[in-house]
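Notes follow once the structure below has been shown.
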Amino acid sequence: MKRVFLSMSLAALPLCALADGEVSSGVFFGIDTGYTIGFQTNTSNNQGAQNNQSTTTVTTAPNYLNIGVKLGYNFYFSGSFGLRGYVDYIYGMNLTNIHTTESGITVTQHDGTHLHYVNLNVDVLINFFSSDSVTFGSFVGIGFGYGAMVSTGVQNNNNNNTSTTRNIGDGFIMPINLGLSLIAGGKHRIDLTMKIPTFGIRQNPINNQGGGNNNQQITDRHLIGMIGYSYTF
């Protein structure tokens, strides 16, 4: 009897080792960090005699350093295929400091542009390699949400601070999610993610300084790259 039990235990060892590397369904929480590249489309309508229209796309829009959090649920139909739904929030920050001196007085200007993204996402999960301890995979999905850009400024002039805040623009966003993943122990996940923009955020109009003959429409799109860690409970 002891020999039969020992034989069954030895036969179960490979299955136990495999179970340690299996991916897990369940609630997950994660954090992300990365970088955003901004693309700006500027459409000008010259309302003169010729009524000309011109459109230019440039990469001079603000770039951002990102941090983010996400919360959702993984569900695996098998070891190689699954779905996940989650909500994520991404905050991007671009700060500049300008120092000028005039008549012996130093004026310091702290300018910042802040990006806020909130998305409801659905991703398809595909695992293409699994070992006893790690799993490599990829994912593709789409997000639906809201994006906003806010500018802030603080000017220090002879110890007198003046602060300003302006909503640059906001609107509906629908990024496409692409990425690669590594899963260790079935629960620890590292993602390399690229969020590709579809809809852009249209900037709010400001006072026209061109005498009313030149109307501009500026739209910002944000290509977001991130690396993140999440844990499945």
Are [Y] and [X] co-members of a hydrophobic cluster defined by side-chain heavy atoms under 4.5 Å apart?
X	Y	value
Val122	Phe144	no
Ile183	Leu125	yes
Leu115	Val69	no
Ile173	Ile224	yes
Ile168	Leu65	no

Nearest atoms (heavy-atom pairs only) where [X] meets [Y]:
X	Y	answer
Arg221	Gly200	CG-CA, 3.6 Å
Ile201	Gly169	CG2-C, 3.5 Å
Tyr73	Phe28	N-CE2, 3.3 Å

Looking at [atom1] of [X] and [atom2] of [Y], how far apart are the two atoms once the value is rounded to the nearest 0.5 Å?
X	Y	atom1	atom2	value
Phe136	Ser181	CZ	OG	9.5 Å
Leu71	Tyr86	CG	OH	12.0 Å
Asn42	Thr219	CG	OG1	9.0 Å

Check whether any side-chain heavy atom of [X] lies under 4.5 Å from a side-chain heavy atom of [Y], and answer yes or no.
X	Y	answer
Asp220	Met149	yes
Lys187	Val23	no
Phe39	Thr41	no
Ile218	Gln40	yes
Ser230	Phe29	no
Pro175	Asn119	yes
His222	Ile37	no
Asn177	Ile142	no

We want to know whether [X] and [Y] form a side-chain donor-acceptor pair, criterion being a heavy-atom distance below 3.5 angstrom.
X	Y	result
Asn94	Asn63	no
Asp32	Asn66	no
Asn74	Ser25	no
Tyr64	His114	no
Tyr146	Asp170	yes
His188	Tyr231	no
Tyr117	Asp88	no

Going by side-chain contact (heavy atoms from CB on, under 4.5 Å), Leu192 matches just one of Leu182, Ile227, Leu178. Which one? Ile227
Which residues satisfy the salt bridge (charged side-chain N to carboxylate O under 4.0 Å, His left out) test with Asp191, sequence neighbours excluded? Lys70, Arg84, Arg189
Does the Asn204 side chain pair with the main chain of Asn167, one donor and one acceptor, at a distance under 3.5 Å? yes
Does Met174 offer a backbone N or O that forms a donor-acceptor pair with the side chain of Thr198 under 3.5 Å? yes
Which class fits the ring pair Tyr91 and His116: parallel under 30°, tilted 30 to 60°, perpendicular over 60°? tilted
Leu223 vs Ile196, test: side-chain contact (heavy atoms from CB on, under 4.5 Å). Steps then yes/no. CA-CA 5 Å; Leu223 179 65; Ile196 302 173; 4.1 Å; yes
